[in-house]
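Working notes for the structure below.
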Amino acid sequence: YELVYYLSGTGATLLGDTEHLIESNTFTVIQPNTVHSERHHSQGEILFIGFEGVVPDSIADRSFSASDAQVILSTLKGIFAELKNYQPDYKKIIQFKLQELIVYITRLTQINKKVKNDTVEYAVRYIEQYYSMPINWKELANSCNYSYDYFRHMFKETTGVSPIEYLITCKLNAAKELLTHTQLSCTEIASRCSFSNNVQFSQLFQEAFGVSPTEYRKASKAKSNTEVNL
């Protein structure tokens with residue numbers, strides 16, 4: 001196995017078919033024979049170890065944010081200190097520290113899962129509430145204690161879409177409600193739902209639903225009339 005701890009620098013690492021962001025205090029655990037590569041946006045420092053052992057599937061071929069888990073870094077430094085000093089029984093101590101490291105990382109997966117779920121749930125609720133207003137994405141990420149790049153990655157990993165894509169979906173769903181239940185013009189609806197203009201609104205609506213806003217309104221009214229007659 002390989003463990004790469006990024007002390008500084010930014011970029012991305014590809015583990016198999018999945019890309020993970022690199023920033024300070026992130027690390028990856030890579031299983032044997034996994035194809036991997038790195039792309040750096042800025043130079044940085046890393047700690048790297050290769051080791052043999054039993055590693056749970058839940059932590060293999062994954063990237064972690066360790067900003068709240070300095071014990072990972074201190075344990076790694078302890079391993080390097082033993083390798084450097086060659087004190088009696090240093091190999092045994094390294095084996096113990098490796099086992100300890102795997103336990104800490106396994107615990108971190110459980111903590112991170114809850115933190116990520118709570119963070120994304122908060123962000124989803126925020127977007128749903130303020131979709132009609134300008135959203136400062138960096139401030140939203142900062143309120144979740146993440147960089148915007150990591151926040152965006154985490155949001156998409158959890159929901160399947162980026163924050164901006166989710167925002168557009170909220171705007172379009174609100175527009176559908178207004179088309180169905182009000183007589184507002186498409187221009188007024190575009191403004192209320194905070195689209196740049198009516199052209200952008202119409203294009204995004206057509207791409208999402210396969211019909212124009214006007215066609216959707218006509219179809220919605222025809223369906224409503226049919227239900228009343230029945």
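Each residue takes its place number in the sequence, starting with 1.
Remark: the Asn25 side chain and the Tyr5 side chain contain an N/O donor-acceptor pair separated by less than 3.5 Å. Between the side chains of Glu177 and Thr180, no donor N or O sits under 3.5 Å from an acceptor N or O.
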Original post:
Between Tyr216 and Phe209, does a side chain to side chain contact (heavy atoms under 4.5 Å, CB included) hold up when you go through it step by step?
Top reply: CA-CA 9 Å; Tyr216 179 84; Phe209 305 118; 5.5 Å; no
Subject >> Residues Leu140, Tyr148; criterion side chain to side chain contact (heavy atoms under 4.5 Å, CB included); working and verdict >> reply: CA-CA 8 Å; Leu140 179 57; Tyr148 174 61; over 6 Å; no
**OP:** Might you work through the side chain to side chain contact (heavy atoms under 4.5 Å, CB included) test for Leu184 and Arg192, ending with a clear yes or no?
**Re:** CA-CA 10 Å; Leu184 293 173; Arg192 285 201 180 192; 3.6 Å; yes
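The ring pair (Phe, Tyr, Trp, His ring centres under 6.0 Å) test applied to Tyr1 returns Phe51, not counting sequence neighbours. Listed by chain and residue number, Glu121 satisfy the side chain to side chain contact (heavy atoms under 4.5 Å, CB included) test with Arg125 (two or more places apart in sequence, or in another chain). In this view, Tyr130 and Tyr126 satisfy the ring pair (Phe, Tyr, Trp, His ring centres under 6.0 Å) rule, not counting sequence neighbours. Under the ring pair (Phe, Tyr, Trp, His ring centres under 6.0 Å) criterion, Phe195 pairs with Phe201, sequence neighbours left out.
Ser191 contributes no side-chain N or O that, together with a main-chain N or O of Thr187, makes up a donor-acceptor pair within less than 3.5 Å. A donor-acceptor pair under 3.5 Å links the side-chain atoms of Gln200 to the main chain of Ser196, judged by distance alone. Distance alone, capped at 3.5 Å, is enough to place a donor-acceptor pair between the Ser74 side chain and the Val71 backbone.
Annotation: side chain of Thr26 is not in contact with side chain of Phe64 (no heavy-atom distance under 4.5 Å). Ser132 has its side chain out of reach of Lys171: every pair of non-hydrogen atoms, C-beta onward, lies at least 4.5 Å apart. Between Leu179 and Lys218, every side-chain heavy-atom pair lies at or beyond the 4.5 Å cut-off. Pro213 has its side chain within reach of Ser202: a pair of non-hydrogen atoms, C-beta onward, lies under 4.5 Å apart. In this structure, the side chains of Cys193 and Leu178 come closer than 4.5 Å at one or more pairs of heavy atoms. At a threshold of 4.5 Å between non-hydrogen side-chain atoms, the residues Met154 and Phe151 count as touching. In this structure, the side chains of Leu76 and Leu3 come closer than 4.5 Å at one or more pairs of heavy atoms. Counting heavy atoms from C-beta on, the side chains of Ile168 and Tyr131 never come closer than 4.5 Å.
In terms of heavy atoms, Ser63 sits closest to Leu21 at OG-O, 4.0 Å. When all heavy atoms of Glu128 and Cys170 are compared, the closest pair comes out as CG-SG, 3.8 Å. Scanning all heavy atoms of the two residues, the minimum distance from Tyr122 to Cys144 falls at CD2-SG, 3.8 Å.
No continuous path of hydrophobic side-chain contacts links Val4 to Ile49 [ILVMFWY only; heavy atoms under 4.5 Å]. Following chains of ILVMFWY side-chain contacts shorter than 4.5 Å, one cannot reach Ile72 starting from Phe48, and the two form parts of different hydrophobic clusters. Hydrophobic clustering, with ILVMFWY side chains joined whenever heavy atoms are under 4.5 angstrom apart, keeps Ile46 apart from Ile79. Under the 4.5 Å side-chain heavy-atom criterion for Ile, Leu, Val, Met, Phe, Trp and Tyr, Tyr166 and Tyr146 are members of the same hydrophobic cluster. There is a path of hydrophobic side-chain contacts, each under 4.5 Å, that joins Ile189 to Met133.
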Would you list the atom pairs, donor with acceptor, under 3.5 Å between side chains in residues 7-20 and any protein atom, with sequence neighbours excluded?
{"from": "Ser8", "atom 1": "OG", "to": "Glu45", "atom 2": "N", "distance (Å)": "3.0"}
{"from": "Thr10", "atom 1": "OG1", "to": "Ser42", "atom 2": "OG", "distance (Å)": "2.9"}
{"from": "Thr13", "atom 1": "OG1", "to": "Ser37", "atom 2": "O", "distance (Å)": "3.2"}
{"from": "Glu19", "atom 1": "OE2", "to": "Arg39", "atom 2": "NH1", "distance (Å)": "3.1"}
{"from": "Glu19", "atom 1": "OE2", "to": "Arg39", "atom 2": "NH2", "distance (Å)": "3.3"}

Between side-chain atoms of residues 82-105 and protein atoms elsewhere (two or more places apart, or another chain), which donor-acceptor pairs fall under 3.5 Å?
{"from": "Asn85", "atom 1": "ND2", "to": "Ala81", "atom 2": "O", "distance (Å)": "3.1"}
{"from": "Glu100", "atom 1": "OE2", "to": "Tyr104", "atom 2": "OH", "distance (Å)": "3.3"}

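For Tyr6 and Phe27, the ring centers sit 6.0 Å or farther from each other.
Once rounded to the nearest 0.5 Å, the distance linking CD1 of Ile164 with NZ of Lys156 reads 11.0 Å. Taking NZ of Lys176 as the reference point, atom OG of Ser220 lies at 9.5 Å (rounded to 0.5 Å).
For the side chain to side chain donor-acceptor pair (under 3.5 Å) with Ser147, the qualifying choice from Lys138, Glu23, Arg152 is Glu23, the only one to do so.
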